[in-house]
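Notes follow once the structure below has been shown.
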Amino acid sequence: MKIYPAIDIIDGKCVRLVQGDYSQKTTFAENPVEVAKKWEKQGGEFLHIVDLDGAKSGKSENFAVIKAIIEAVNIPVEVGGGIRTLEDVDKMIELGVKRVIIGTSAIENPNVVKRAVDKYGEKIAVGIDAKDGKVAVCGWEEVSEVSAIDLAIKMRKIGVKYIIYTDIATDGMLKGPNVSAMAEMVRESGVNVIASGGVSSLDDISALGKAKVQGAIIGKALYTENISLPDAVKLGKEIEGSPYDFISGLKFDEKGLIPTIAQDAKSGEVLMCAYMNEESLKKTIDSKNAVYFSRSRQELWEKGATSGHYQKVKNILVDCDCDAIVLKVEQTGAACHTNNYSCFYREAVGGILEEITTGRNIGEGVLYDVFDTIVSRKENPKEGSYTNYLLDKGIDKILKKVGEEATETIIAAKGEDNGEVVYEAADLLYHLSVMLVDKGLTWDDIFDELAKRHK
């Protein structure tokens with residue numbers, strides 16, 4: 001879990017508020033740049049900066065200070081407050097901001113978020129600040145009627161990957177975070193949740209870790225020295241664990257290699273077979289691009305480095321004996337040097353090899369894959385799983401979601417954005433799959449009925 005030291009700025013100074021109340025302001029430092037350098041020196045890996053003047057006025061008021069901070073440190077920075085338009089986002093990205101947080105506009109003008117995500121991808125986050133589960137805007141001075149969870153789900157559907165979720169009641173109080181609210185947001189939203197508000201001890205960080213949040217923002221507790229940043233960062237890393245932990249259990253051969261199959265993550269088509277050693281596997285994990293070991297050249301090679309036909313790794317699977325790996329990948333171009341999509345482009349027929357067509361063919365199979373995953377979750381519940389959350393709530397909750405998604409699909413179809421129709425229809429099919437599993441039915445039952453009607 002990543003720890004985000006917070007720097008809130010009013011009038012160019014580093015401050016903290018109590019429950020977002022601008023009248024309850026404490027100034028902790030005259031120079032936020034020095035605070036940023038301090039947090040970096042103490043091991044901070046990612047700074048969280050909020051222009052509180054901007055959040056209130058609707059435009060960046062402390063741009064010069066933010067610029068100075070970015071120029072003074074070598075760690076990434078995320079910035080929120082007063083970012084209302086795509087032009088505001090552009091300016092922050094050009095400044096060197098790693099992640100731009102959009103708050104009020106997510107409610108008032110969600111198209112700004114969509115355009116920003118389309119342009120910058122994961123560099124865009126949405127800040128959701130809630131009072132009693134309802135979204136607050138304009139520097140927390142106004143509370144809307146929009147549910148925080150509903151807004152998060154809406155943002156996920158337009159491509160947002162990160163939500164900074166603040167429980168205003170706990171912010172600045174040093175009485176602990178609203179762990180249950182954070183856990184619910186993680187379960188319901190399906191995005192990376194960064195928790196904000198109330199963190200006052202290392203125990204609070206541990207509790208948030210159990211809630212499966214991606215990160216925790218710490219503000220007042222650092223300034224009052226209730227928490228040591230080095231201790232918090234260390235604990236965050238322990239909670240997260242090393243992505244390499246599983247490697248020690250793999251059975252590499254006498255040459256230190258393990259056979260690796262690359263499989264199309266969408267269609268399931270087998271693309272190629274190669275080998276990895278421990279170093280190439282670690283590089284694959286770090287870069288999320290497939291890196292193999294060449295037995296003929298005795299060196300590492302990144303798939304696509306010369307051809308441009310990269311393999312973006314989505315999942316790493318290990319077999320039951322821990323002596324083989326499957327990479328589920330998004331393949332760019334052809335996987336095979338013969339320019340076939342798959343290296344397995346020949347089929348043994350009657351004792352001879354005949355060439356066959358290879359390439360993506362998702363078809364109805366993905367419905368079965370989704371269905372099988374839901375069945376697996378039912379039989380082997382997974383903590384934090386949204387599917388298990390639905391199944392535990394029972395048929396009434398599932399049917400409510402089916403109805404909601406059907407309505408949203410209809411609304412989307414009335415509009416001009418076909419991409420939104422695709423998002424909503426996919427959500428509908430997923431929730432229908434959950435309903436079928438709960439009722440003991442399968443997609444085959446549905447397809448059989450359709451086939452009867454077709455005849």
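Throughout, numbering of the chain's residues begins at 1 and tracks the sequence. Just so it is clear, the model here is predicted, and its values are computed rather than measured.
Using a 4.5 Å heavy-atom threshold, the side chains of Ile205 and Ile218 count as touching.
Judged by distance alone, the side chains of Tyr165 and Asp129 never bring a donor and an acceptor atom under 3.5 Å apart. Side chains of Thr387 and Tyr430: a donor on one and an acceptor on the other come within 3.5 Å. If you check the side chains of Ser105 and Asn109, you find no donor sitting under 3.5 Å from an acceptor. Ser201 and Asp203 are not linked by any side-chain donor-acceptor pair at a separation below 3.5 angstrom, with hydrogens and angles left out of the test. For the residue pair Tyr244 and Asp286, a side-chain donor N or O sits within less than 3.5 Å of a side-chain acceptor on the partner. Defined by atom type and a distance below 3.5 Å, a donor-acceptor pair is present between the side-chain atoms of Ser57 and Glu61. If you check the side chains of Asn178 and Ser180, you find a donor sitting under 3.5 Å from an acceptor.
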Decide side chain to side chain contact (heavy atoms under 4.5 Å, CB included) for Asn226 and Lys220; before the verdict, give the C-alpha distance in whole Å, the side-chain angles of both, and the deciding distance to 0.1 Å. CA-CA 8 Å; Asn226 284 47; Lys220 190 173 184 178; over 6 Å; no
Between Val213 and Ile194, does the side chain to side chain contact (heavy atoms under 4.5 Å, CB included) criterion hold? Intermediate values first, please. CA-CA 6 Å; Val213 299; Ile194 300 172; over 6 Å; no
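Contact detail for Val191 and Val160: the closest heavy-atom pair is CG1-O, 3.3 Å. Residue Val313 comes nearest to Ala290 through the heavy atom pair CG2-N, 3.7 Å, listed as atom of the first residue, atom of the second, then distance. Minimum interatomic distance between Val291 and Ser280 (heavy atoms only, all atoms of both residues): O-CB, 3.3 Å. Between Val65 and Val33, the shortest heavy-atom distance links the atoms O-CG2, 4.3 Å. Summarising the geometry of Ala55 relative to Arg84, their closest heavy-atom pair is O-NH2, 3.1 Å, with the distance given to 0.1 Å. The heavy-atom pair separating Glu78 from Val97 by the smallest distance is CA-CG1, 4.3 Å.
Rounded to the nearest 0.5 Å, atoms NZ (Lys314) and CG (Asp264) are 11.5 Å apart. The structure places CG of Asp51 at 6.5 Å from CD1 of Ile9, a figure rounded to the nearest 0.5 Å. One distance of note links CD1 of Ile163 with CE of Met185; it measures 6.5 Å at 0.5 Å rounding. A distance of 10.0 Å separates OG of Ser433 from CG of Asp372, quoted to the nearest 0.5 Å.
Geometrically, Arg16 does not engage Phe28 in a cation-pi contact, judged by NZ or CZ lying under 6.0 Å from the ring centre and within 45° of the ring axis.
The environment of NZ in Lys157 is crowded: more than 12 heavy-atom neighbours from other residues, nucleotides or ligands sit within 6.0 Å. Atom NZ of Lys123 is surrounded by 12 or fewer heavy atoms from other residues, nucleotides or ligands within 6.0 Å. Open room surrounds CD on Glu383; 12 or fewer heavy atoms of other groups in view lie less than 6.0 Å from it. Atom NZ of Lys401 is surrounded by more than 12 heavy atoms from other residues, nucleotides or ligands within 6.0 Å.
Among residues at least two apart or in separate chains, there is no salt bridge (charged side-chain N to carboxylate O under 4.0 Å, His left out) pair with a member in residues 182-198.
Scanning for salt bridge (charged side-chain N to carboxylate O under 4.0 Å, His left out) contacts around Lys282 gives Glu278, with sequence neighbours left out.
Ring-plane geometry between Tyr4 and Phe46 is classed as tilted, the angle between the planes lying from 30 to 60 degrees on a 0 to 90 degree scale. Classified by interplanar angle (parallel below 30°, tilted 30° to 60°, perpendicular above 60°), the ring pair Trp39/Tyr223 is perpendicular.
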